[in-house]
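Below you'll find the structure, written out as structure tokens, and then a few comments.
Values below: all heavy atoms of this structure, side chains included; hydrogens, waters and symmetry mates excluded.
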Amino acid sequence: QVQLAESGGGSVQPGGSLTLSCTASGLTSRRNCMGWFRHAPGHEREGVAQIDSSGSATIADSVKGRFTIFKGDAFNVLHLQMNNLKFEDSAMYYCVAVNRYGGGCPAIMPSEYDYWGQGTQVTVAS
């Protein structure tokens, strides 16, 4: 049973920074893809970033140049560095994982990910 636990959310002013972290328990293989989705009220879930087992990352255009996804020292630890945060970045952020693509990543769509965390709230407000 794979379980994902996020941390690091909070409130920040526009232009500020936050780093989200995720630890995946029960993920026994390095051959996985992990990523982040976000969901704001009134909006569809949006794929923010994902990273495969080789370290190759995909970043959504909406956050490119501001967000960075990277793995921790352990293969089951994931981070999302968020800089220059904007009001529109406010959302619940979910850590996701999938391990049925041989270490590669699927299209960054909610239906492609098998494991989801409970989410951590990010609020950008002045």
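Atoms CD and CZ, on Glu44 and Arg38 in that order, are 13.5 Å from each other to the nearest 0.5 Å. Taken to the nearest 0.5 Å, the OH atom of Tyr93 stands 5.5 Å off from the CE atom of Met82. To the nearest 0.5 angstrom, Met34 atom CE is 10.0 Å from Ile51 atom CD1.
Listed by first and then second residue, the salt bridge (charged side-chain N to carboxylate O under 4.0 Å, His left out) pairs involving residues 17-29 amount to none (not counting sequence neighbours). Pairs of residues two or more places apart, or lying in two chains, never qualify as salt bridge (charged side-chain N to carboxylate O under 4.0 Å, His left out) while including a residue from residues 10-25. Pairs of residues two or more places apart, or lying in two chains, never qualify as salt bridge (charged side-chain N to carboxylate O under 4.0 Å, His left out) while including a residue from residues 6-17. Applying the disulfide bond (SG atoms under 2.5 Å apart) test to pairs two or more places apart or on separate chains, those with a residue in residues 25-71 are Cys33-Cys105. Within the structure, side-chain hydrogen bond (donor to acceptor under 3.5 Å, both in side chains) contacts touching residues 20-30 (residues at least two apart or in different chains) are Ser21-His79. Legend: disulfide bond (SG atoms under 2.5 Å apart) pairs involving residues 54-103, not counting sequence neighbours, sorted by first then second residue: Cys22-Cys95.
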Which donor-acceptor pairs under 3.5 Å do side chains of residues 8-20 form with protein atoms, sequence neighbours excluded?
unit_1 : atom_1 : unit_2 : atom_2 : d
Ser17  : OG     : Asn83  : OD1    : 3.0
Thr19  : OG1    : Gln81  : OE1    : 2.5

Side-chain donor-acceptor pairs of residues 57-67 under 3.5 Å, sequence neighbours excluded:
unit_1 : atom_1 : unit_2 : atom_2 : d
Asp61  : OD1    : Lys64  : NZ     : 3.1
Ser62  : OG     : Glu46  : OE2    : 2.7
Arg66  : NH1    : Asn84  : O      : 3.0
Arg66  : NH1    : Asp89  : OD2    : 2.7
Arg66  : NH2    : Ser62  : O      : 3.1
Arg66  : NH2    : Asp89  : OD1    : 3.0
Arg66  : NH2    : Asp89  : OD2    : 3.4

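In this view, Arg100 and Asp114 satisfy the salt bridge (charged side-chain N to carboxylate O under 4.0 Å, His left out) rule, not counting sequence neighbours. Residues that satisfy the salt bridge (charged side-chain N to carboxylate O under 4.0 Å, His left out) test with Arg31, not counting sequence neighbours, are absent from this structure.
Under a 4.5 Å side-chain heavy-atom cut-off, the cluster of Ile, Leu, Val, Met, Phe, Trp and Tyr residues that includes Phe70 has no other member. Cluster note: Tyr94 groups with Phe37, Met92, Val96, Val98, Tyr101, Ile108, Tyr113, Trp116 through ILVMFWY side-chain heavy atoms spaced under 4.5 Å, whether in direct contact or through intervening members.
For Asn32 (side chain) and Gly103 (main-chain N/O), no donor-acceptor pair under 3.5 Å exists by modelled atom type.
The heavy-atom pair separating Gly35 from Ile69 by the smallest distance is CA-CD1, 4.0 Å.
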